Every structure is written in C-alpha cells, then in structure tokens.
Amino acid sequence: MADFFDTSIEFIKGVGPQRAKLLGEELSIFSYNDLLQHYPFRYEDRTRFYKIAELNDTLPAVQFEVSLVNLQTVGNGRRTRLVATAKDETGRIELVWFKGVSWMAKKLQPGVKYLVFGKPTKYGSKLNIAHPEIEIVTTGNSLEGKLRPVYSTTEKLKAKYIDSKTISKFVAALIQPALQHIHDPLPQEIAHRLKLMPKAEAIYHIHFPQNTQTLEKARFRLKFEELFYVQIQLLSLKSGRARKFKGKIYDSTELLTKFYNRHLPFELTGAQKRVIKEIYRDMKSGVQMNRLLQGDVGSGKTIVAFICMLVAIGGGSQAAMMAPTEILAEQHYEGLRPFAKAMGLQIAKLTGSTKASERKKLYLALETGVLNILVGTHALLEEKVKFNELGLAIVDEQHRFGVAQRSKLWSKNVDVFPHVLVMTATPIPRTLAMTLYGDLDVSIIDELPAGRKPIKTVHHYDSHRLKVNGFIKKQIEEGRQVYIVYPLIEESEKTDMKDLTDGYESIRRAFPEYHVSILHGRMKSEDKAFEMERFVKGETHIMVATTVIEVGVNVPNASVMVIENAERFGLAQLHQLRGRVGRGSDQSYCILMTDVKLSADARTRISTMVKTNNGFEIADTDLKLRGPGDLMGTQQSGVLDLKLADLAKDGAILKLARDTASQLISEDSELIRPEHHALKAHLQKVKQAKVNWSAIS
Ligand code: ADP
Ligand code: MG
C-alpha cells in the first residue's frame, strides 16, 4: 500500500522535480515524511514587536514596523550601498544593503509600511541594520506574534533560492493535508497517562509554534517518541533473545568456592561480590547472558572475570577473553595466569603475532577441551579457532569492538550460544549506556578496593618543566616509577613521532642516572613486550610512551603519570591514562602538562581532571563537551541517529521513555494486543528504514 508520507516532495506546491532533486541531494529530503521530519533547528522570536527607541546593539535579531522616509544609493563601484532611513513614532534608524543594491532600490518605496527583521549593530556612534529582512506589512504578518522556524539549508540550496523561509513555505503547503493522514502510533493509554501532545498537533507546532509553551510540549512529545522507539526495539530484542536463546546452565560453584577459600589474594569489595552474584544468577538461569560490566579503571574487573570463568569451567566448558589490543591481551593474560596456575587450569594467549607452530598446538588443545581459558585479540574470532565448548565469552570492550564483532563470538557454539559478558572501563553516562547497550543487562562496580589513596592531579604549564622534573626525581628516589605519555594522533603522526623521540632524548639527558624505556605502536610486538617487561620488573624507572599504554597496563609501583600536551587528549582518554597509576598503596600523582594557550574546551577538560577522580562525572562532562556520536566513534552512530533528542541533555525524557517501554514490553513483549498494533506497524516501518537492530550485540 502506497503510503501518503512516502510521496515524493516533487508534488508539493512550489517544489517540482528540479528542486526536489536538489533537496534530496543536499539534505536527504525525498519524501513528505522526510520534509516533515526536517525539524527547525532554532526559532526566531517574533512574538514581540520593538520600537526603534528600544533598539540597542546587545539585542539579537528583532522585528519592528517602520515606514521608509529616504532611500539613497551612496558610494560607487564595489563600495556602492543602499541606505534607507526608516522611522516609527519613536525614532529613526538606517537600514543598509551592500549586495543586490539596485534590485532593493527598485523594490523599496518611501511611505510604505514595512515589517523589518534584523540585528541592530553599532556603526560609529549610530545604530544601523545591515541586510535586514524586509516585507510589506500585510494583515498576515502584522502584529501576529510568532516564533518563526529556522531550517538548516546549504549554500547550494540558497543559491537556488531555497532558504529557510522557502523550506517553511514548502512545509506550510504540506502540513494541512498531512495532518489528516497522521495516525498516532503511541498507545492511547501511554499518551494519556504522560499527557503527551497528540502526534499531529506536535508535528504542526514544531513547525508553526504559537508560543514557547506549545513548542516545548511539541518538542517533548517528539523527543519522547524518538527515544521510546529506540528503547522498545532494544528491550524487545532483549526479551526476544531471552525467549529464543537458551543458555547452558552453570550451577556448580565448586571451583569458585575452592578459589575463594584457598587462593583469593585479597578480600573482594562489596561491589565485586554483588556483580559476581548477578553474573552467576544469569549463568545458571538457562537463558543466555548478555551483560555489560561497567567499572572504573582499577576497580578490579579482572578478578571478577576470572571468578566467572570458574563457573563456566566448573560446568565442563571453556572461557575466552577478548581484548582490543595486543598489549591489553598480554596484560589480561599475565593478570589471569597466576590465578589459573593456582587452580591448576590451562590458559593460553592468541594474538596476531602468535607463531604458526604454537597456533597448531593451541588449536588442538582448544578443540579437545584441554585448554580451559583462551585470552587474545580479535584473532579469537578467526574461523580456525574452534572451542570444544565455549561457555563464557568476555569481551573487554573499550568501545573498540564493533557490534558485529561482538556477536561473532557467539557463533562459536553450534547449538547453544555462550554467555556473553562485555566489560568496559570507560564509565559511560547512564543515558548513553541505556541507548548503546540498552539490550544488555548492566552490572556496575562502583567501589574501589579499600586502602587506595585518591590520585592527586595537577596542571602545569610547559614552562614549569624543571620543577616537574625535580618532582619526578624525588619520586624515583623513593623507589617509584614514572610514565610520561605523548599524544600520537594519526593525522599528525610524523610530528608526533618526533615529539616522542625528542621527549625521550631530553628525558634521558635530564635523568642520566636512571633507565628510561620507550614504547609506541610502531614498534614490533616483541620489542614492545620486552620494554614493557623491563618496566614491570622495575629495571627501568621511566616509561616514555604513546597511548598504547592507555588500556589495562598494570604496574602498581608506578606512581606518577605525566601527560604531555594534555590539551590534545579527550577527557575519557585522560581519565584512562590517569588510571594507570594509583594501583598500589603509595600516593600517586597525575601531572597534566600544557601550553599556556588553551581553548575553552581544553580548559574545561583539564579543570575537570584536576577536580575529580570520578569516572561517571568525567563521562558526563565529556558527553556535554563532545556530544554522543563523537564519544562513541562512528561505528555505533546508527543507534544514535536521533533527530531531536539530545542524550547529553534529555536524560530525564530518556529515563521516562525507558521505563515506559520496559513496562510495555513486560506486559506485551511481542506487541500483539490490538491497542499495540499501530505501534508495531510503525516500528516495523522505521526498522526497515534505519538500523538493522538484530546486528546489535
Ligand atoms: P580494572 O578494573 O581496571 O581492570 P584490575 O582488575 O586490573 O582493574 O585491578 C586493579 C588492581 O587492583 C589489581 O592489581 C588487582 O589485583 C587489585 N585488586 C582488585 N580487586 C581488589 C580488591 N578487592 N582488593 C585489593 N586489591 C584488588
Ligand atoms: Mg583491566
């Protein structure tokens, strides 16, 4: 059935085939629906009419009614301009045009009443307005009082006279017939309970608001709807999976108890105990687990991961842990190995640089079930890697795995999918987690092991380097180790590499009595491993590195993190880097070095770091500074394809949408009740148009 809203915009009065083509190319507006969803990005306040005497240069663009008393073309050549003197009963002001002078001069007539809209600016001692919008006063525009929508457009469109006003005219031509075709897909009960503006009304008022109140109601309704659909889809995916995907039941706590009683090196924090219980409950439920484990750097996720592995291994299966980089895989492997050894379990590592001869042995041990735990990079996903039975797949995410890769781990088992635990160290603001990982259950470790001293963070300008070096020296004398990190951004890789090697040389010169390591991504993996090991063993005192050490590296004796050109790092990255220290019982320090010149955003980032150690607070600020799409990288941005809602600002609406969706799904998970048919049909439509949701997680 052809849908009214799929009609090409070509058929709207005033559009036609050529402009339709251009709108499609420039703004991806093809159908009626696209045009109606091309929401204004701001509104000009036309609710108030000013008098000339009230104007001053601090005002934004404002409107007032005038008559023109004088029109004069002055200057010549390129400096020709048209100056019109406008007056009302309170005073006079000059309106000036530098472009289209002769055309305007012909169009404007003295004595006629005009409606003028523009921003007053000071020119010498007088106010004037350059290039105001001006139109003859009619009953239509006089004293009507409105918020006027402003639509995004492009230079190419403007060149063809399709500006914001033209788009508004197109919308105006479409809106009346469209309103009759709009059916509200939201269940009546919900709309009623939440006092949402009906859909048709909301579409009307977002394009043609009467006042700020109706505009706000319209925006609220449409934002809610947008977020509600995302949540419904994520939650029904989750509930569908729970019904469809059985999970093997792991209910033996034998190994876990043994480890707990004999080998646990420290008392677990309350938060660690809680999340282990949550995970265990999932693993014995008979339904496949899909859980996100969030925990700030240093919160102790590794041991949690190991204990959960014991549950799978105790049930006769294997466990895998996948990390985004070789260094991190190595760290996980080294972290897990002593525990595995204590328990008499076989553990191995598989990365891109594992030798062929080793691989062969490893594949065999894996397939026969001799190997209990496999740690590695995405090399784990290769076809040849076959488990005897994979019971638990742990993905240490760091936002680097695409959703497609995450799901690939599943296909390792033929009949039953393994339980999946996604770990992330960068705290994600709740709003974002609800959207990006909305189909996963969430466990949070929100407590650091006891006895940790909060890291002291300070900011120094480059000119204080001597003082900083003196401090580093004192720390090394006390037996500590130091990281010095340089940015290495792909686009400026050459100069960054030079900064790093120059830095390395000057550190060696400044500290001739100490051993200095260097580590960067361009090095061969065996060289990296060698340098890392020297540092871990305490053979080198200072580690000069790029962000390759950002994730997972764990050297408790390192107590100072110096970050060079800190202004070039994002907040999440700074926090990750800082997390490399503060892992032992000594007081740790993070020193942010910057140039004196800092952008406003950089200043906020630095001061946020100095102010707080709390990962969630940092994540929130980061979200506000950067916006969600950027924060998560482009691979997941499909999920965040929101037209109106802003995850950084609309947390409350998101929460409402989430709760409402959750209730609906729990009552009617497949939306079969008649009152939910419209919603179901609508969702199917958006789903086809947008994201392939089943590919997520
Ligand atoms: P992350 O969550 O960043 O991966 P790790 O698992 O690497 O953190 O743990 C950081 C450090 O804290 C490790 O040295 C680990 O042995 C230690 N640790 C973890 N849990 C506890 C605890 N409950 N008490 C004391 N130390 C702990
Ligand atoms: Mg870790």
Side-chain angles (χ1 to χ4, degrees), residues 256 259-261 263-279 291-310 319 321-325 327-343 347 373 375 394-400 421-428 442-455 480-481 483 532 535-538 547 549-559 561 572-586 588 590 613-616 618-619:
L256 188 151
F259 179 73
Y260 221 93
N261 292 339
H263 306 292
L264 192 66
F266 34 66
E267 178 69 15
L268 293 180
T269 63
Q272 284 172 319
K273 286 184 198 162
R274 175 169 42 78
V275 305
I276 290 169
K277 271 188 208 139
E278 287 167 358
I279 294 165
R291 189 169 277 278
L292 174 71
L293 175 60
Q294 277 203 63
D296 212 341
V297 273
S299 61
K301 291 185 291 296
T302 312
I303 191 121
V304 169
F306 181 74
I307 289 173
C308 299
M309 287 177 169
L310 289 179
M321 171 119 109
M322 183 163 77
T325 65
I327 291 210
L328 186 54
E330 171 68 24
Q331 286 287 322
H332 280 317
Y333 176 65
E334 290 304 332
L336 292 169
R337 205 160 60 147
F339 299 144
K341 195 168 170 224
M343 290 295 291
I347 181 170
I373 302 171
V375 181
I394 300 179
V395 185
D396 192 351
E397 186 149 84
Q398 308 291 356
H399 310 152
R400 275 168 223 196
L421 183 67
V422 179
M423 296 202 305
T424 160
T426 310
I428 304 163
V442 180
S443 289
I444 299 177
I445 310 184
D446 49 5
E447 182 186 351
L448 293 182
R452 294 268 175 83
K453 295 196 181 79
I455 301 162
R480 305 283 94 77
Q481 288 164 283
Y483 294 107
M532 203 56 231
F535 189 68
V536 171
K537 284 188 184 152
T547 48
I549 64 147
E550 178 187 342
V551 277
V553 173
N554 187 17
V555 181
N557 191 48
S559 67
M561 167 64 65
Q573 219 174 5
L574 289 171
H575 182 63
Q576 279 291 314
L577 284 168
R578 176 167 62 182
R580 297 308 107 212
V581 296
R583 310 194 135 225
S585 50
D586 305 295
S588 289
C590 175
N613 271 306
N614 182 318
F616 284 95
I618 286 171

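First listed ligand is number 1; within each ligand, the first listed atom is number 1. Treat the numbers as computed from the prediction; the structure is a model and nothing was measured.
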Can you find a pair of side-chain heavy atoms, one from T269 and one from L448, that are under 4.5 Å apart? no

Within a distance under 4.0 Å of any heavy atom of [X], pick out the atoms of ligand 1 and give their elements.
{"X": "E267", "answer": "22 (C), 23 (N), 24 (N)"}
{"X": "T302", "answer": "4 (O), 5 (P), 6 (O), 7 (O)"}
{"X": "S299", "answer": "2 (O), 8 (O)"}
{"X": "T269", "answer": "23 (N)"}

Of the listed options (A450, P449, G300, P338), which comes nearest to atom 8 (O) of ligand 1 when hydrogens are ignored and any heavy atom counts?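 Nearest heavy atom to atom 8 (O) of ligand 1 lies in G300.
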
Taking the minimum heavy-atom distance to atom 12 (O) of ligand 1, which of K301, R452, R580 ranks first?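 Among K301, R452, R580, the closest heavy atom to atom 12 (O) of ligand 1 belongs to R452.
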
Intermediate values then yes/no, side chain to side chain contact (heavy atoms under 4.5 Å, CB included), I347 and K341: CA-CA 8 Å; I347 181 170; K341 195 168 170 224; over 6 Å; no

Contacts of type ring pair (Phe, Tyr, Trp, His ring centres under 6.0 Å), residue Y333, not counting sequence neighbours: none

As a test of understanding, state which of E278, Q294, K277 forms a side chain to side chain donor-acceptor pair (under 3.5 Å) with S443.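 Passing option: E278.
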
With under 30° as parallel and over 60° as perpendicular, where do the rings of F339 and F259 fit, or are they tilted in between? perpendicular

Residues which pass side chain to side chain contact (heavy atoms under 4.5 Å, CB included) with A329, listed by chain and number, not counting sequence neighbours: A323, T351, T377

Residue part near ligand 1, for L268, under 4.0 Å between non-hydrogen atoms: backbone

Counting heavy atoms under 4.0 Å, the part of Q272 that contacts ligand 1 is side chain

For P556, state whether at least one heavy atom is located under 4.0 Å from any atom of ligand 1. no

Whether K273 and E267 form a salt bridge (side-chain N of Lys/Arg under 4.0 Å from carboxylate O of Asp/Glu) is what I want to check. yes

